[in-house]
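Notes follow once the structure below has been shown.
Keep in mind the model is a prediction, meaning the values are calculated, not measured.
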Amino acid sequence: MSAQAFERIAASPYARRLARERGISLAGRRGSGPNGRIVAADLAAMVLPAAVAAPAEPPAAAPPVVSQAELAQVSPAPMKEAAPQRSISGFATGLDLSLLRALLPTIVDVAPDVTIDDLVLKAIGRALRVADLPVETIDWRDKAAAVQAIIPRADGLAPSRIAALRSGTETDAARGASIIVSRIRQDGLRPVTAALDPNVPIRLTLAVAEADIAEALIVFDEAEITDAAAAQFLAALRDCLAVPLRLLV
Amino acid sequence: MSVQVSRPSAGSRRAGSEQKTHNLPAGLTADAMIELYESMVLLRKFETVAQMACRKGETPGFFHLYIGQEATAVGICAHLRRSDWVTSTHRGHGHALAKGMSPDILMAELYGRVDGCCGGRGGTMHLYDRSIGLFGTNGIVAAGISHAVGAGISARTRGTDDIGVAFFGDGATNHGGFHESLNFAGIMRAPALLVCENNLYATATPLATATLNPEIASKAAAYGIPGVAVDGNDVIAVYEAAGAAVARARSGKGPTLFEAKTYRTVGHHEGDHVTGTYRTQAEVDEWLARDPIKLYRRRLLEDFALVADDELDAIDARIDAIVQHALEFARNSPEPDPATVGLHIYADPINPADALVQAAPAATRTQSWLDAVRDGIAEEMRRDPNLIYFGEGTGERGGTFAHTKGLWTEFGPERMIDTPISEQGFTGAAIGAAATGARAIADLMFADFMFEAAGQIVLQGSKLRYMSNGQMNAPFVVRVGAGTVRSAGPHHSGTYHPVWAHIPGLIVCMPATPADAKGLMKTALRAGDPVIMLEPKALFASKGEVPTGEHLVPFGVARIARPGRDITIAAAGQIVHRALEAAEKLAARGIEAEVIDLRTIMPLDVDTIAASVARTHRLLVADEGYGPFGVGGEIAQAINELAFDDLDAPVGRVHTEAMSHPLAPTLERAMIVDAERIVAAAEGVIAGRPLLPRRWYSIGGQPAAANASAPAVADPVKAAPEAPKAVVQAVIGEGEAITMPFGDLTISEGTIVRWLKAAGDPVQAGDLVAEIETDKAVVEIEAPVAGTLGPIEQDVGAVVPMGGRIGSVIGGK
């Protein structure tokens with residue numbers, strides 16, 4: 001029953017919260033508390049690992065237990081190597097999910113595992129096709145739920161199949177370029193920037209928890225995707241969500 | 001007289017029967033005689049229909065039917081007004097109908113429907129109807145007797161001549177609730193009628209096997225009140241005897257024990273065998289031949305010749321229609337909405353409006369705890385002339401702790417009621433009074449004694465609002481001294497607040513300052529729910545600043561007694577002060593603790609604790625109650641739910657060790673919560689390793705963990721008796737010390753009133769040398785040995801702690 005047997009991270013809830021808010025990974029770390037438990041005071045000594053993308057959320061207000069000076073050590077992520085210069089553009093919009101949410105209860109008996117995310121993924125697939133973007137797969141990243149999954153862009157997939165791929169009960173080999181879809185489980189936040197991984201031409205950030213309106217941001221590499229195509233993608237996604245019947249045709 | 005059954009009245013029917021009235025029993029007109037018949041038939045036919053509904057499985061729960069006993073309820077209730085209160089038993093449908101409940105709403109209640117008298121919350125054994133003066137049928141044997149006594153006292157307090165009437169069975173007469181209530185009713189000359197329906201069996205136990213004195217009416221002699229026994233199957237006999245007893249109660253002469261000898265001709269409950277193992281068919285048949293309705297019908301037709309057979313048949317047919325209507329009404333009434341299940345647990349809002357008024361900053365004065373609370377009670381008694389105070393020795397004596405000093409003088413014995421030592425009896429009466437328009441304090445002296453009244457508090461007072469669907473409430477206050485003080489021992493040291501906070505419907509207060517004690521008491525005396533007011537005995541001698549103006553403190557609003565940034569310590573009552581001491585010790589080590597004074601245990605202000613934890617990220621609960629299933633566990637879970645992401649360490653708890661309070665001071669110190677234990681527990685939380693409580697016994701479990709033993713034992717320095725300063729003073733100085741004597745548990749100091757000898761006077765051992773005065777008494781001080789009185793060390797007027805030196809005898813022996 002040792003903690004190591006499950007490779008679990010011993011951290012206080014408050015330390016976890018601070019790490020979450022600051023985009024700090026606690027994996028592989030030990031803290032100063034009992035059994036190596038990471039406590040809030042330990043976070044002052046931690047910095048952002050370079051490999052992790054900068055968080056989309058604005059940094060949280062400094063909690064009183066950590067001084068501003070300590071926080072200053074934590075927040076800026078020193079980049080060890082400059083990324084190759086890319087020309088990045090972005091668009092943002094609000095997406096109305098209310099009709100999609102209303103749809104869920106009507107299919108729960110036949111597709112109990114399908115969530116709003118799966119319907120959104122299907123809509124993304126449709127929008128990718130409409131805009132004819134050069135990506136083959138959707139790289140789904142849901143940090144709050146600790147889920148990362150690769151899903152084919154094919155909009156013909158059944159929502160239940162998408163759910164299985166998303167939750168990892170089924171897998172599909174990754175092929176070609178991806179769109180990163182970064183899912184933030186928070187209402188009332190408007191994402192304003194996001195980093196593009198190397199070799200990824202476009203990234204969509206979706207911020208929504210329970211609300212009907214999801215805040216969406218796309219950033220994309222102008223060298224690979226035109227403004228017009230990106231705008232068409234976002235508009236198609238918005239239209240698809242607003243009229244879910246479009247998903248059927 | 002009137003029979004208050006709300007149904008179409010037969011009216012004046014028999015023009016030709018007036019010439020017969022000279023044969024009628026005293027006080028009864030021909031119409032009234034017919035109405036008695038009609039009432040009995042209603043009770044019988046109603047029960048018969050209810051029985052069938054029960055057998056068909058249409059009604060939830062189970063019934064105890066009144067069949068066979070109708071003459072008693074009808075004969076007695078014929079004397080009653082709507083404004084008289086009746087309390088009843090598990091077999092109470094008949095009492096409800098006879099007191100005037102509509103058969104429709106009664107049947108709907110039996111069906112658990114929304115149109116029932118209690119909206120389906122009560123049911124057969126919990127029928128309440130304020131509009132007709134039905135203070136409940138009752139699932140607890142003997143529980144309603146004290147309510148009727150209290151209702152009678154309430155009526156007298158409010159200046160009416162209404163009375164309380166209790167119905168109970170022979171089974172109740174061996175119960176403490178009967179004895180305590182009859183004695184209390186007697187000594188109070190309560191306007192009450194106490195009706196025992198002796199149907200010979202307590203469920204299946206024959207009365208003669210349950211007592212060596214089965215003549216129930218004769219038991220009245222034990223309480224110095226009249227007892228009468230009548231044939232309970234003869235409605236006229238019941239009516240006539242009850243008339244005298246009711247008149248006696250209304251005229252202020254006091255209660256009567258009224259025994260109606262009767263018989264139920266059905267099983268104990270519906271579904272139970274009619275005879276069972278405890279009675280024979282022959283016996284049942286004998287009583288069936290004496291069926292009260294059959295007997296009375298024959299008398300109406302033959303003895304009084306008041307009415308013709310077909311006229312009575314017409315009445316029967318009309319009652320059939322009424323009962324059938326009730327059945328249809330019940331069947332068609334909707335089931336209660338599950339969304340309403342949480343209504344009527346407490347008043348909503350739980351605080352009286354006055355308590356939520358933000359008082360402007362006002363002048364204060366320094367007052368002792370007991371004086372502050374006493375003033376609060378006096379203010380409320382002046383404000384509400386219907387507020388009465390029940391307690392043992394709280395009248396002219398001024399209370400065991402001198403906590404009601406002066407109230408008897410101002411408010412008199414009618415409102416400051418000295419009770420016998422019968423906690424169940426007078427707490428039940430307090431509930432009865434509080435539910436019927438008066439307000440009552442039940443002063444049970446020590447928190448430990450509340451268990452003597454626990455059934456009344458938990459099963460009656462706390463549930464009344466809910467059972468009655470919000471029609472009734474019992475705004476009474478249980479006032480007790482609580483907690484450890486100076487080796488009070490196993491039966492005088494407990495707080496037990498988690499026990500009461502566990503019960504829905506109760507408010508539990510445990511103040512820490514004189515101002516809060518007064519303010520919460522005043523709020524309690526204006527609130528709508530039962531309040532358990534636990535005043536820590538250890539704080540009775542404390543003093544504090546108390547606002548001079550109107551001062552109410554709301555329930556469920558905690559106070560930050562000391563701000564801090566590193567750890568939150570939540571506490572209540574005297575432990576707040578131990579936590580403040582601990583905070584000072586922690587501050588010396590660089591740890592700033594925030595101390596929260598909970599003030600009330602129920603409602604529990606978890607929001608204030610959670611907000612504090614959001615600042616400090618660590619929480620320790622320090623509480624005088626026992627730990628298992630206690631305040632620490634409750635708050636820890638609340639913080640899990642509300643502030644999990646704010647916790648940087650597991651929540652810690654430090655409680656009084658879960659064991660009886662020992663007498664020996666070294667043992668007592670080893671089990672109570674003190675500042676040192678709080679410091680140790682706080683340091684454990686800060687280190688991320690809360691101290692484990694001493695484990696209760698579990699099969700195969702480990703004995704107490706290493707750090708579970710009380711610090712007092714682990715640390716011999718601390719275990720050494722703490723020498724009170726006063727004792728130190730006493731040893732120092734020349735000669736044989738004369739000291740301020742130790743007195744009462746809760747008295748900490750005394751004042752020198754006068755010296756009877758002068759310095760240099762010769763004294764013999766035992767000579768009176770001085771008089772001192774405490775909050776409770778004037779005490780004479782004797783010379784401890786013969787010799788010469790030394791210098792006067794404390795002048796007249798000086799306040800000296802118990803054990804403190806005031807002078808000496810020199811050259812003794």
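Using a 4.5 Å cut-off between heavy atoms, A:R16 does not touch chain B at all. Contacts of B:A687 with chain A are made by backbone atoms alone, with heavy-atom separations under 4.5 Å and no side-chain atom involved.
In this structure the side chain of A:R17 reaches within 4.5 angstrom of the side chain of B:D646, judged on heavy atoms. Contact annotation: the side chain of B:R618 never approaches that of A:S12 to less than 4.5 Å [non-hydrogen atoms, C-beta and beyond].
The number of heavy atoms from other shown groups lying within 6.0 Å of CD (B:E634) does not exceed 12. Around CD of B:E335, the count of heavy atoms belonging to other residues, nucleotides or ligands within 6.0 Å does not exceed 12. Crowding of B:F644 atom CZ: a count of heavy atoms from other residues, nucleotides or ligands under 6.0 Å not exceeding 12.
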Would A:R20 and B:D645 count as a side chain to side chain contact (heavy atoms under 4.5 Å, CB included) if you check the C-alpha gap in whole Å, the side-chain angles of each, and the deciding distance to 0.1 Å?
CA-CA 11 Å; A:R20 199 161 62 233; B:D645 285 334; 3.3 Å; yes
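Listed by first and then second residue, the side-chain hydrogen bond (donor to acceptor under 3.5 Å, both in side chains) pairs involving residues 587-596 of chain B are B:R562-B:E592, B:R589-B:E683, B:E594-B:S612, B:E594-B:R615 (not counting sequence neighbours).
Between the OH atom in A:Y14 and the CG atom in B:L647 there is a gap of 11.0 Å [rounded to 0.5 Å]. Interatomic distance, B:D648 CG to A:L18 CG, rounded to the nearest 0.5 Å: 8.0 Å.
Of the possible polar contacts, one joining the A:R37 side chain to the B:G688 backbone as a donor-acceptor pair under 3.5 Å is found.
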